[in-house]
There are 2 protein chains.
Amino acid sequence: MQLSIAEENYIKAIYQLESQGQKVSTNAVAHLLRTRPASVTDMANRLQQKKLIHHEKYYGLQLTALGKKQAIHIIRRHRLWECFLVEKLGFRWDEVHPLAEELEHIRDERLIERLAHFLQHPEFDPHGDPIPDAKGSFQQHEQILLSQAPLNHPLRVTRVADQSAALLQYLTQKGIVLGTRLRVLQINAYDGSVEVKLMKKPAFTLSREVAQHVYIQTYGKN
Amino acid sequence: MQLSIAEENYIKAIYQLESQGQKVSTNAVAHLLRTRPASVTDMANRLQQKKLIHHEKYYGLQLTALGKKQAIHIIRRHRLWECFLVEKLGFRWDEVHPLAEELEHIRDERLIERLAHFLQHPEFDPHGDPIPDAKGSFQQHEQILLSQAPLNHPLRVTRVADQSAALLQYLTQKGIVLGTRLRVLQINAYDGSVEVKLMKKPAFTLSREVAQHVYIQTYGKN
DNA sequence: AAATACTTTTAGGCAAACTTAAATTTTAAT
DNA sequence: ATTAAAATTTAAGTTTGCCTAAAAGTATTT
């Protein structure tokens with residue numbers, strides 16, 4: 001069953017909200033897709049008829065197993081294209097999201113598998129998000145939010161969970177990209193801001209909003 | 001002015017018919033796009049309003065300068081993607097056309113220019129069709145139809161002017177790909193079939209239908 | 001428990017791109 | 001030069017995916 005581009009975008013949005021543990025309200029989807037609640041209800045009916053979601057009136061949307069499978073395929077395509085754009089065409093990590101949003105809708109199994117092969121089956125995209133394999137499974141590796149990091153411990157940046165160019169450019173400018181090594185000097189109990197220290201640079205502070213989108217891993221010692 | 005995918009497909013179809021020297025009838029476009037004449041008339045009105053074509057009622061369609069420019073951009077995208085698919089992803093020349101038909105609709109200037117750079121600015125696609133440069137000009141190099149080739153002269157295949165997988169697979173199987181060297185032993189005056197001879201292989205015959213889609217260049221001697 | 005605020009759905013409409021059927025125009029044939 | 005055939009356009013209707021406005025349902029406050 002072939003989905004339209006609009007249907008794919010809804011499926012992806014619902015998946016995204018679900019995986020953030022939020023209840024998937026009509027409003028939330030409308031906001032994410034920059035459309036209106038009435039349009040979401042409209043599409044919800046169609047998606048339910050295609051067995052891609054459950055829709056309990058007034059209580060929100062939920063992907064079926066089938067819908068989830070579709071979503072993961074779309075995400076696989078999206079993230080592979082992001083890798084391609086950065087690694088092969090030389091785009092920056094803050095530029096690729098909108099382009100991948102278009103490329104992801106080309107649903108050709110062979111194309112995607114050959115692209116994956118060409119890229120040597122990457123496991124993470126340029127923002128550190130895991131890429132599902134052809135069967136749809138992905139290994140979420142252990143992650144800690146920068147805003148909850150242990151103090152004075154060697155850390156490595158593994159993921160930025162927000163595609164906005166503004167955030168990615170801001171981090172880049174601060175010297176933070178995937179793989180950057182840093183320490184957290186302190187976390188401000190009042191506003192949640194995080195003071196970080198990169199090698200050979202003066203310490204600086206990141207706001208809670210920023211720190212809540214940056215994931216790290218510990219290394220060294222243990 | 002951003003064209004829809006449907007509009008782009010019409011523009012491309014009209015360009016294709018024009019460049020084959022045919023008069024661009026409603027019927028011809030409908031046939032090419034596997035739609036109905038009424039749909040073509042419908043779209044023709046919209047395209048005319050957008051100054052992309054002229055439409056003299058009952059007498060056919062014609063691209064304006066603006067329409068032609070758009071068409072050439074679409075073709076550039078299409079042919080660059082075909083190169084990518086063959087050279088980087090390892091697809092065969094008979095597989096890439098339908099995929100490129102999808103990829104060509106991603107209209108991002110930077111993407112295309114980076115793709116071109118990545119491919120080292122190829123001048124011809126996997127079927128020997130010339131790729132317009134970023135400004136829209138392409139050098140059509142001298143070409144001769146196999147069906148009009150000089151007899152007993154060393155020839156090199158430069159282009160196959162038909163994307164159908166059936167033809168491309170047939171030619172491949174006969175040993176004919178881009179760059180293949182051959183001679184024409186004779187051309188049958190009755191049915192237009194062409195007897196060709198490849199190195200180290202027995203001669204064989206190609207029908208007029210096939211020979212009219214294969215272009216060659218002479219080489220050696222002069 | 002009632003009133004108010006907020007969310008969601010329903011209803012009615014619109015534009016794009018298609019369809020079929022009927023009317024019209026052009027072309028070809030007698 | 002009519003007439004018949006073919007091509008084209010018009011008219012009316014469909015589906016997808018969106019919209020606004022109004023109605024209905026849910027949540028919150030007092």
Side-chain angles (χ1 to χ4, degrees), chain A residues 1-15 17-18 20 22-63 67 70-71 74 101-102 104-107, chain B residues 1-15 17-18 20 22-63 67 70-71 74 101-102 104-107:
Chain A
M1 161 226 23
Q2 175 81 306
L3 304 186
S4 72
I5 289 175
E7 286 168 337
E8 286 198 343
N9 285 334
Y10 275 92
I11 292 293
K12 196 168 54 123
I14 296 165
Y15 183 89
L17 291 170
E18 271 186 4
Q20 283 163 20
Q22 303 178 36
K23 62 167 164 285
V24 186
S25 69
T26 304
N27 243 2
V29 175
H31 188 257
L32 195 56
L33 295 180
R34 295 148 183 291
T35 179
R36 301 293 153 159
S39 305
V40 177
T41 305
D42 192 33
M43 179 62 92
N45 291 331
R46 263 170 284 157
L47 294 178
Q48 181 156 54
Q49 215 186 335
K50 295 192 177 184
K51 313 267 192 206
L52 291 161
I53 65 169
H54 290 298
H55 182 204
E56 179 120 25
K57 271 190 190 176
Y58 293 101
Y59 286 92
L61 317 180
Q62 204 189 343
L63 288 178
Q70 298 286 335
I74 300 165
E101 296 250 66
E102 300 205 51
E104 75 190 6
H105 297 299
I106 295 172
R107 316 161 204 74
Chain B
M1 161 225 22
Q2 176 82 305
L3 304 186
S4 71
I5 290 175
E7 285 167 337
E8 287 198 342
N9 285 334
Y10 275 91
I11 293 292
K12 196 168 53 123
I14 295 166
Y15 183 89
L17 291 171
E18 270 186 4
Q20 283 165 21
Q22 302 177 37
K23 62 166 164 283
V24 185
S25 68
T26 303
N27 241 3
V29 175
H31 188 256
L32 195 57
L33 295 179
R34 292 150 185 290
T35 179
R36 301 292 153 160
S39 306
V40 177
T41 304
D42 192 32
M43 179 61 92
N45 291 331
R46 264 172 285 157
L47 294 178
Q48 181 155 54
Q49 216 186 336
K50 295 193 178 182
K51 312 271 190 201
L52 292 161
I53 66 169
H54 290 298
H55 182 203
E56 178 121 25
K57 271 191 188 172
Y58 293 103
Y59 286 92
L61 316 180
Q62 204 188 342
L63 289 178
Q70 298 285 336
I74 302 164
E101 296 249 66
E102 300 204 50
E104 74 190 7
H105 297 297
I106 295 171
R107 315 162 206 72

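Here is how names work: the chains are called A, B, and so on, in the same order as the sequence lines, proteins then strands, and each is numbered from 1.
- Evaluation of the salt bridge (charged side-chain N to carboxylate O under 4.0 Å, His left out) rule for B:Glu18 yields no partner, not counting sequence neighbours.
- Backbone-only contact: A:His55 has heavy atoms under 4.0 Å from sugar-phosphate atoms and none from a base.
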Q: Indicate for each nucleotide in nucleotides 14-26 of chain C, in 5' to 3' sequence, whether protein heavy atoms under 4.0 Å reach the base (B), only the sugar-phosphate (S), or nothing (-).
A: --SBBBB---BSS
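- Backbone-only engagement by B:Thr26 is indicated by non-hydrogen atom pairs under 4.0 Å involving sugar-phosphate atoms exclusively.
- Rounded to whole Å, the distance from CG on A:Asn9 to C1' on D:dT16 is 14 Å.
- For B:Lys50, the salt bridge (charged side-chain N to carboxylate O under 4.0 Å, His left out) criterion is met by B:Glu7, not counting sequence neighbours.
- To the nearest 0.5 Å, atom CD1 of residue A:Ile14 and atom CD1 of residue A:Ile11 are 5.0 Å apart.
- Residues B:Ser4 and B:Tyr10 form no side-chain contact, since every pair of their non-hydrogen atoms from C-beta on lies 4.5 Å or further apart.
- Look at A:Asn27 and you won't find any side-chain N or O under 4.0 angstrom from OP1 or OP2 of C:dC6.
- When the local axes at the two ends of the helix from C:dA1-D:dT30 to C:dT30-D:dA1 are compared, using 5 base pairs at each end, they differ in direction by 10° after rounding to 10°.
- Spacing between atom NE2 of A:His31 and atom P of C:dC6 amounts to 16 Å, rounded to whole angstrom units.
- The backbone N or O of A:His31 sits nowhere less than 3.5 Å from a side-chain atom of A:Thr35 that would complete a donor-acceptor pair.
- Taking B:Glu8 as the reference, B:Arg77, B:Arg107 meet the salt bridge (charged side-chain N to carboxylate O under 4.0 Å, His left out) condition, with sequence neighbours excluded.
- Spacing between atom CD of A:Gln22 and atom P of C:dT7 amounts to 14 Å, rounded to whole angstrom units.
- No side-chain heavy atom of A:Glu56 sits less than 4.5 Å from a side-chain heavy atom of A:Gln62.
- Partners of B:Arg36 by salt bridge (charged side-chain N to carboxylate O under 4.0 Å, His left out), not counting sequence neighbours: none found.
- The nearest whole Å value for the distance from the CD atom in A:Glu56 to the P atom in C:dT9 is 11 Å.
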